[in-house]
**Q** 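I am attaching a structure below and will ask some questions about it afterwards.
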Amino acid sequence: MTRNVTVLEAGDAALVARFEARIDPAVNARAIRTAEIFRRGAPVGVRDVVVGYASVTVYFDPLAADPGALRDAIAHAAAQAAGAERGAGRVVDIPVRYGGADGPDLEEVAAFARCTPEEVVRLHAAPLYRVYMIGFVPGFPYLASVDPRIAMPRRETPRRLVPAGSVGIAGSQTGIYPTATPGGWRIIGRTDIVLFDMAEEPRALLAPGDRVRFVPVEGPTRRP
Amino acid sequence: MKRRSIRIVKPGLLTTVQDEGRWGWQHLGVPVAGPMDAGSLRLANRLVGNDPRAAALEITLIGPELQFDGDVVVALTGADVEATLDGRPVPRRVAVAAAAGSILRFGPRRRGARAYLAVRGGIDVEPVAGSRATGVAARFGPLGGRPLRSGDVLPVGDLISEEPVWQVVDESRLPPLPEGGATVRLLWGPDEFPAAARERLLTARFIVSIDSNRMGYRLEGPRLVGGGGEQLSEATPIGSLQVPPSGQPILLMADRQTTGGYARIGTVITADLDLAGQLAPGDWIAFAPCDRAEAIAALRARRATADLEAGSR
């Protein structure tokens, strides 16, 4: 029985299983568990399995895989994943230098929130955020949920280059740029922690289901 | 024996090393990259007798100048672009011997946007995460994930196939290159859009804007309204037609990011991605509906034309 999940075609080489469309740890935990169970079955012709906030997308070779069998496998995994554990992920501390050159948008967020920059830092660093998904660029974690008071929408025009390690806010999401890249999030701080390195094991520091606590610090930061 | 190599004398507009693509890492945000016209890459490898996983060069609009440091066998496929080897015209879609020291130059393009140059043995640069595909936007891939530059020297490998080398290309069975534009087929979804928006998508011609590249094509044309706009981020397959709040669709291509939050009205079928990959800014693009069975049949047919039988002229 597959309550609250819809499996849709996303072209002829991908299927997406969508759960309830909201940022919710329980929904996300179910998506993560669905992906785990599905992968374990090692179905033929599968190329990638990607978790979203509330979805799992299965990529397959359209001539080698049997989409009917894949649909069944996804639906079966989703049914088994109902009621998955929410808070099992480990906690990772991310030291952040807030404001100044490291946080060029901190003042703007303070103006948006009608409070002081110090208060913005306090509100940003207070919660234990969940890593909902990895995407956008290698190793980029989507973290939620940001305190509504400081949940400023992203910039209209992205910056040409956001420095590596920048910590940003886009509405209810917060994240960390693993590498320098164009970006539209509001940058309020920076960390030196390495988020992604193909030569390391694990290659990405954070995985869906992990939790992150931002720790305001002065001075240089190091990988734990 | 001295290793053969290809020296980049001039890099052209955008020349990159590509293989079939980097699968298996999208869960970490690593893009697939790979060729914009996979069929032409596959054909080029076949013509020189390479393993299908061998890497080749993708040449965009304005081609490079290359020197071969060693006797090699090459094949040029994809866009119809003028090419000469030591001043002599290079025929397309056939294996060509290039002597040590010879220079390959490109001239004006006639049709299509991307040409593929395969060398027998493959381009043997160091793979990253199991692939030699270059994701330019993410700077992920061999040589630091960047386009080729003057002075680069690319070693030639030995990724040769056991299969017989294809010698004849039945041109009539290959899909045509765009002539000013192309119509591609799509499957609807995964997001619902009003019937009026779907109708508009099927009856309009869109222009591939100048803001188009390997990540995707920004299309200019009638606005598609009534879709969800921004929604929860999820994985974004190649060929996805996103509709941002502006209503101007974006067709996601080889270097697309792994996830996105815009509603998607449809996905171009795999068989027609090669054709889409041959469009350049300024070309038009139109869409036609398709169902799954037709999409798979078209892909089988497309693969069959690439797997051509050796024969005599």
Side-chain angles (χ1 to χ4, degrees), chain A residues 6-23 27-28 31 35 39 46-59 61-63 67 132-142 170-171 173 178-182 195-196 198-199 202-204 206-208, chain B residues 21-32 128-130 135 137-140 145 185-192 228 230-241 252 257-261 264 266-273 290-300 302-303:
Chain A
T6 313
V7 181
L8 300 163
E9 217 169 42
D12 55 24
L15 288 167
V16 56
R18 285 177 168 175
F19 302 92
E20 296 100 323
R22 59 175 187 272
I23 298 179
V27 175
N28 183 246
R39 272 198 207 96
V46 171
R47 290 162 153 171
D48 266 316
V49 179
V50 179
V51 163
Y53 274 102
S55 64
V56 180
T57 298
V58 173
Y59 289 93
D61 178 342
L63 294 183
Y132 279 84
M133 53 181 274
I134 305 289
F136 169 50
V137 290
F140 184 100
Y142 282 81
Q173 306 169 113
T179 49
T181 180
L195 286 172
F196 183 82
M198 279 305 300
R203 293 171 174 89
L206 299 170
Chain B
R22 183 172 291 106
W23 288 101
W25 297 98
Q26 288 189 92
H27 65 288
L28 294 187
V30 177
V32 178
V128 178
R139 298 201 307 274
F140 200 101
R185 289 163 291 186
L186 56 62
L187 292 172
W188 293 118
D191 294 303
E192 289 293 320
E230 279 216 54
Q231 48 195 50
L232 287 184
S233 285
E234 74 181 23
T236 41
I238 189 170
S240 292
L241 204 57
L252 296 184
Q257 291 165 356
T258 55
T259 58
R264 299 176 345 251
T267 316
V268 172
I269 67 173
T270 303
D272 286 354
L273 287 174
C290 191
D291 63 32
R292 216 201 120 69
E294 196 188 327
I296 298 302
L299 185 58
R300 282 194 208 287
R302 180 80 181 90
R303 290 280 166 87

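Everything numeric here is computed off the predicted structure, so don't read it as measured data. Protein chains get the first letters and strands the later ones, always in sequence-line order, with residue 1 at the start of each.
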**Q** Is the shortest distance from a Lys or Arg side-chain nitrogen in R185(B) or D12(A) to a carboxylate oxygen in the other one below 4.0 Å?
**A** no
**Q** Side chain, backbone, both or neither: which part of E230(B) has an atom under 4.5 Å from a heavy atom of chain A?
**A** side chain
**Q** Taking side-chain hydrogen bond (donor to acceptor under 3.5 Å, both in side chains) as the test, write out the residues that go with Q173(A), two or more places apart.
**A** Y53(A)
**Q** Could you tell me which residues satisfy ring pair (Phe, Tyr, Trp, His ring centres under 6.0 Å) with F140(B), sequence neighbours excluded, listed by chain and number?
**A** none
**Q** In Å, rounded to the nearest 0.5 Å, how long is the span from CG of L299(B) to CG of L273(B)?
**A** 9.0 Å
**Q** Using 0.5 Å steps for rounding, measure from the CG atom of L187(B) to the CG atom of L241(B).
**A** 12.0 Å
**Q** Under 4.5 Å, counting heavy-atom pairs only, tell me which of R292(B), Q26(B), R264(B), Q231(B) racks up the most with chain A.
**A** Q26(B)
**Q** Please flag which part of V51(A) lies under 4.5 Å from any non-hydrogen atom of chain B: side chain, backbone, both or neither.
**A** neither
**Q** Can you tell me which of P178(A), A35(A), A31(A), P67(A) forms the most heavy-atom pairs within a distance under 4.5 Å of chain B?
**A** P67(A)
**Q** Measure the CG-OH distance between N28(A) and Y142(A) for me, rounded to the nearest 0.5 Å.
**A** 13.5 Å
**Q** Based on non-hydrogen pairs under 4.5 Å, which of T179(A), V50(A), L63(A) is most in contact with chain B?
**A** L63(A)
**Q** Report which part of Y132(A) has an atom under 4.5 Å of a heavy atom belonging to chain B: side chain, backbone, both, or neither.
**A** neither
**Q** Look at V46(A), D48(A), V56(A) and state which one has the largest set of heavy-atom pairs under 4.5 Å with chain B.
**A** D48(A)
**Q** Sort T236(B) into side chain, backbone, both or neither according to what part of it lies under 4.5 angstrom from a heavy atom of chain A.
**A** backbone
**Q** Which one wins on heavy-atom pair count under 4.5 Å against chain A: T258(B), V30(B), L28(B)?
**A** L28(B)
**Q** Which answer fits L8(A), side chain, backbone, both or neither, if we ask what part of it has an atom under 4.5 Å from a heavy atom of chain B?
**A** side chain
**Q** Can you tell which part of T181(A) gets under 4.5 Å to a heavy atom of chain B, answering side chain, backbone, both or neither?
**A** neither
**Q** Taking every non-hydrogen pair under 4.5 Å, which of T270(B), V268(B), L186(B) racks up the most with chain A?
**A** T270(B)
**Q** If I measure from the heavy atoms of chain B, does R22(A) come under 4.5 Å with its side chain, its backbone, both, or neither?
**A** backbone
